[in-house]
Novice: 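Quick one: the structure is below, questions incoming.
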Amino acid sequence: MRKLLPIIGTPSAAHPGGRSAMTCRFRCGDACFHEVPNTSDNAYVGDVISGALSRRSMMRAAAVVTVATAAAGTVAGTVGAPAASAAPTAGKGGWPAGKGDGARGLRFGAVAPNTVDAVVVPDGYRQNVVIRWGEPILRGAPAFDPERQTAAAQAGQFGYNNDFLALLPLPGEHGRQLLVANHEYTDEVLMFRGYDAANPTRQQVEVAWAAHGLSAVVVEEDRRTGKLTPVPRHHLNRRVTATTEFRLTGPAAGSDLLKTSADPTGTKVLGTLNNCSGGTTPWGTTLHGEENFNQYFANSGRPTDKRYGIGTGATERKWERFDQRFDVAREPNEVHRFGYVVEFDPYDPSSTPRKHTALGRFKHEAATVRLTADGRPVVYSGDDERFDYFYKFVSSKRMRKGSGRAVREHNLSLLDEGTLYVARLTGDSPAAEIDGTGTLPADGEFDGSGAWIPLATATADGAVSHVEGMTADEVFVFTRLAGDKVGATKMDRPEDIQPNPVSGKVYVVLTNNSNRGVGANAKADEANPRTANKHGHVLELTERRNRPESLTFAWSLFLVAGDPDDPATYFAGFPKDQVSPISCPDNVAFDPHGNLWISTDGNQLGSHDGLFGVATRGERRGELKQFLTVPTGAETCGPIVQDRRVLVAVQHPGEIDGASVEKPASTWPDGPGKIVRPAVVAVWRADGRDIGV
């Protein structure tokens, strides 16, 4: 039988979702501890899903049983006990790594749940730390010295808390690729010895400004081992920070809502903050979502700011003491210049990054692209907040092929014209079999329909609002309020949204919602059948005719996370005694076989967070296996799954309540006596063959 670890330190009710109080403070400004910003009467997705029980339940139940029985006969074993060794490659899974065992791309011995302070990978796999916080990447940048940090040094070094990762080709340089990373936030108590949270110094604040943003760094492959190592001082290496100049583009650029005393044009802004997940574009750029930007701004009292979770008092980091733009009372429009999708051209070190107002302003989690048949990009993005929405933008301009400057400039404008939509889900079947215990309904499948509701359309000649009572500028700057007005469906923290490049289906990751069933909030339902949705779930969308520009879609429940022994969990109908336990899905990626790879944030099952692969098609659909776990206090971010390599961003290792530079909770990645450092890790098969085949 599968064996779960006991809970190690039960999470506090004040900081749900498995995160430490420290994580809540520094990453999202205690978002889960604050009042829910969305007070609209819009439908809650749980209520929608609870009304979606199919009338064809008997037929579907029979089909599920047939597939499950066939699959059960071809899978040997279950998740075993955790590795006793702390060696990074010591994971002992219950599935042998034999060929033909598991879905193609998932044929590896699953890593068992564990609390090892290391990156634990399957037997037969190897790993290396590609790059750490503070490693110099620009010419003239000094070696990292945690006791002598300066803003000038950090501006030339790899930033802090790497999140989204992109690995891009580098034509003409054999064996090299271009790595782009987000740096979501800083954790000052783990960065600076003797840090006084009530009285940060200017030097500490300026180092933090420089540690935010983006990094681009060329990496080189060792063909003998599979290792990736950075190439310092390469001409394409670049740092973007909280003080780098950005260009505001699209329909709201130049609006009175975006003008400040430092920028009366409303078209230029310094820096990018809290970049979480992102995406790559078919024209060779990267997209980066500004997520919990609200936590950096102090002293607000406006209703529009409250809807975005911006506080009335001082901030955690006290940046407003050192730059008035972070004080809403003194600079009221600066906060309107954050919360967008950033576009970055990693192949042009002289380019100015852009913030695309046409994609709306909210807590963007990811920005992933799919092209229409005629070459127009469609961008999907979630708003990472309890009871908020998910969106897509459909461009009216077609991508051009080629690499010339005129072509590149045209493609950089693709996300400035088009229509922004928000999702509304509806049930198409009656509610049934919901008794509050979390027991899976007998038919084993739930579905429904949905529509994309237009919010505003931007053209070369201007913009038009589709929301009564709001101008186009207001829609693009106060997008959450626009979603409220049109009756968008409330979701449980929409995180990454990714179209499957093989099937075209779109997967919406919903991490958790600690407020489910609490007070007057929505009760348990078919998708989240327990009081408080602490484990999260994944929805699968099929847009009409499988066309991304379609305005309607079908949805179905793909995964309800948690302990497979819990009847509330669901793995697309796959036998639950043959899957790895998973909790709090977050960032996702696809491998070349169309399998969905899920990284987790805030595991509530007693194990460290990790990376999991799950089959999305065929008779093994729903088969989920854990590929790795990350060190103590860390979150798994930014997965990339190539034919022969997997990359993950190990974010905030050692971020445990009470930890500090003086009292570290983790010794990763460099061992005892060294400061804990976020880093990027590469994993490959020791025999050099493809991952999971």
Novice: Please report the interatomic distance CG(L414) to CD(E343), rounded to the nearest 0.5 Å.
Specialist: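 Nearest 0.5 Å value for the CG-CD distance: 8.0 Å.
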
Novice: So do the side chains of I497 and L541 get within less than 4.5 Å of each other, counting heavy atoms only?
Specialist: no

Novice: Which distance, rounded to the nearest 0.5 Å, do you find between the CG of L165 and the CD1 of I640?
Specialist: 5.0 Å

Novice: Whether the H652 and E635 side chains hold a donor-acceptor pair (N or O, under 3.5 Å, no angle test) is what I'd like checked.
Specialist: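 E635 and H652 do have a side-chain donor-acceptor pair below 3.5 Å.
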
Novice: Kindly give the heavy-atom pair with the smallest separation between P585 and A561, and that separation in Å.
Specialist: CD-CB, 4.2 Å

Novice: Would you check if the side chain of D563 reaches a backbone N or O of D565 as a donor-acceptor pair within less than 3.5 Å?
Specialist: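 Yes.
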
Novice: Are F390 and W452 near enough that their ring centres are under 6.0 Å apart?
Specialist: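 F390 vs W452: aromatic centres under 6.0 Å.
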
Novice: Tell me if a side-chain donor or acceptor on Q626 pairs with a main-chain N or O of G610 at a distance below 3.5 Å.
Specialist: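 Flag not set: sc Q626 to bb G610 has no pair under 3.5 Å.
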
Novice: Give me the ring orientation class for Y125 and F108: parallel if the planes are under 30° apart, tilted from 30 to 60°, perpendicular past 60°.
Specialist: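 Ring orientation, 0 to 90° scale: perpendicular.
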
Novice: Working to the nearest 0.5 angstrom, can you tell me the gap between S395 OG and L359 CG?
Specialist: 9.5 Å

Novice: Quick one: are T357 and Y340 in side-chain contact, heavy atoms under 4.5 Å?
Specialist: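 Heavy-atom side-chain distance check passes, below 4.5 Å.
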
Novice: For the backbone of D163 and the side chain of N275, can you confirm whether one donor and one acceptor N or O come within less than 3.5 Å of each other?
Specialist: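 Not confirmed, N275 side chain does not pair with D163 backbone.
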
Novice: Before you tell me yes or no, could you show the steps for K505 and T542 under side chain to side chain donor-acceptor pair (under 3.5 Å), namely the whole-Å CA-CA distance, both residues' side-chain angles and the distance that decides it to 0.1 Å?
Specialist: CA-CA 5 Å; K505 293 181 182 294; T542 304; 2.8 Å; yes

Novice: Enter the distance from I598:CD1 to S580:OG here, rounded to the nearest 0.5 Å.
Specialist: 11.0 Å

Novice: Do W597 and Q498 have side-chain heavy atoms sitting under 4.5 Å apart?
Specialist: no

Novice: Less than 4.5 Å apart, any side-chain heavy atom of L559 and any of V614?
Specialist: no

Novice: Without swapping roles, check the side chain of T636 against the backbone of V648 for a donor-acceptor pair under 3.5 Å.
Specialist: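 Pair absent, no side-chain N/O of T636 close to backbone of V648.
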
Novice: Treating T479 as the side-chain partner and R361 as the backbone partner, does any N or O pair qualify as donor plus acceptor under 3.5 Å?
Specialist: yes

Novice: State, with a plain yes or no, whether a side-chain heavy atom of L214 is found less than 4.5 Å away from one of N182.
Specialist: yes

Novice: Holding to salt bridge (charged side-chain N to carboxylate O under 4.0 Å, His left out), I want the full list of residues that pass it with R354, two or more places apart in sequence or in another chain.
Specialist: E409

Novice: Looking at every non-hydrogen atom in both residues, tell me the closest pair between N274 and N292 and how far apart they are.
Specialist: OD1-N, 2.8 Å

Novice: Donor-acceptor pair, distance only, cut-off 3.5 Å: does the side chain of R493 make one with the backbone of G536?
Specialist: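 It does not hold such a pair.
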
Novice: Apply side chain to side chain donor-acceptor pair (under 3.5 Å) to residues S583 and Q604 and explain how you reach the verdict.
Specialist: CA-CA 6 Å; S583 178; Q604 286 275 285; over 6 Å; no

Novice: Can you tell me how far apart CG (L557) and NE2 (H537) are? Round to the nearest 0.5 Å.
Specialist: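 Those atoms lie 7.5 Å apart.
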
Novice: Could you go through the side chain to side chain contact (heavy atoms under 4.5 Å, CB included) check for H593 and V693 one step at a time?
Specialist: CA-CA 10 Å; H593 312 287; V693 300; 3.7 Å; yes

Novice: Between L624 and F574, does the side chain to side chain contact (heavy atoms under 4.5 Å, CB included) criterion hold? Intermediate values first, please.
Specialist: CA-CA 9 Å; L624 182 139; F574 197 78; over 6 Å; no

Novice: Just how far is it from atom CZ of R370 to atom OH of Y380, taken to the nearest 0.5 Å?
Specialist: 5.5 Å

Novice: Are F362 and Y389 close enough that their ring centres sit under 6.0 Å apart?
Specialist: no

Novice: Measure from NZ or CZ of R480 to the centre of the six-membered ring of Y308 and say whether it is under 6.0 Å with the direction within 45° of the ring axis.
Specialist: yes

Novice: Donor-acceptor check, side chain of N603 to backbone of C584, threshold 3.5 angstrom: yes or no?
Specialist: no

Novice: Ring-plane angle category for H288 and F164, please: parallel below 30°, perpendicular beyond 60°, tilted otherwise.
Specialist: perpendicular

Novice: For Y421, which residues count as a ring-ring contact (aromatic ring centres under 6.0 Å, His included) partner, sequence neighbours excluded?
Specialist: none

Novice: Ignoring hydrogens and geometry, is there a side-chain-to-backbone donor-acceptor pair from R547 to A373 under 3.5 Å?
Specialist: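 Such a contact is absent between R547 side chain and A373 backbone.
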
Novice: Which pair of non-hydrogen atoms, one from K576 and one from P564, has the smallest distance, and what is that distance?
Specialist: O-CB, 3.1 Å

Novice: Are side-chain heavy atoms of F338 and K355 found at a separation under 4.5 Å?
Specialist: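 Yes, at least one pair of side-chain atoms sits under 4.5 Å.
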
Novice: Checking side chain to side chain contact (heavy atoms under 4.5 Å, CB included) for the pair H535/V560: CA distance, chi angles, key distance, verdict?
Specialist: CA-CA 8 Å; H535 295 300; V560 177; over 6 Å; no

Novice: If I compare all heavy atoms of A572 with all of G622, which pair ends up nearest, and what's the gap?
Specialist: CB-CA, 3.8 Å

Novice: Whether the side chain of N114 engages the backbone of A112 through a donor-acceptor N/O pair (distance < 3.5 Å, no angle test) should be reported.
Specialist: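 Such a contact is found between N114 side chain and A112 backbone.
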
Novice: Can you tell which of D383, D388, N294, D384 makes a side chain to side chain donor-acceptor pair (under 3.5 Å) with K363?
Specialist: N294

Novice: Does some side-chain heavy atom of V341 sit less than 4.5 Å from a side-chain heavy atom of V379?
Specialist: no

Novice: State whether the side chain of T372 and the backbone N or O of E549 hold a donor-acceptor pair below 3.5 Å, judged by distance alone.
Specialist: no

Novice: Only counting residues at least two apart or in another chain, list the ones meeting salt bridge (charged side-chain N to carboxylate O under 4.0 Å, His left out) with E543.
Specialist: K392

Novice: Kindly determine whether Q651 and Y185 satisfy side chain to side chain contact (heavy atoms under 4.5 Å, CB included), including the steps that lead there.
Specialist: CA-CA 10 Å; Q651 193 186 82; Y185 69 101; 3.7 Å; yes

Novice: For L510 and P494, which heavy atoms make the closest approach, and how far apart are they?
Specialist: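 Scanning both residues completely, I find the closest heavy atoms to be CD2-CA, 3.6 Å.
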
Novice: If the plane angle is over 60° it's perpendicular, under 30° parallel, otherwise tilted; pick one for Y507 and F558.
Specialist: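 Taking F558 first and then Y507, their aromatic rings stand perpendicular (interplane angle over 60°).
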
Novice: Shortest non-hydrogen contact from P122 to G109?
Specialist: CB-O, 3.3 Å

Novice: Got E365 and V509 here, is their nearest side-chain heavy-atom distance under 4.5 Å?
Specialist: no

Novice: In a check of side chain to side chain donor-acceptor pair (under 3.5 Å) between T600 and each of N587, D609, D586, which one passes?
Specialist: D609

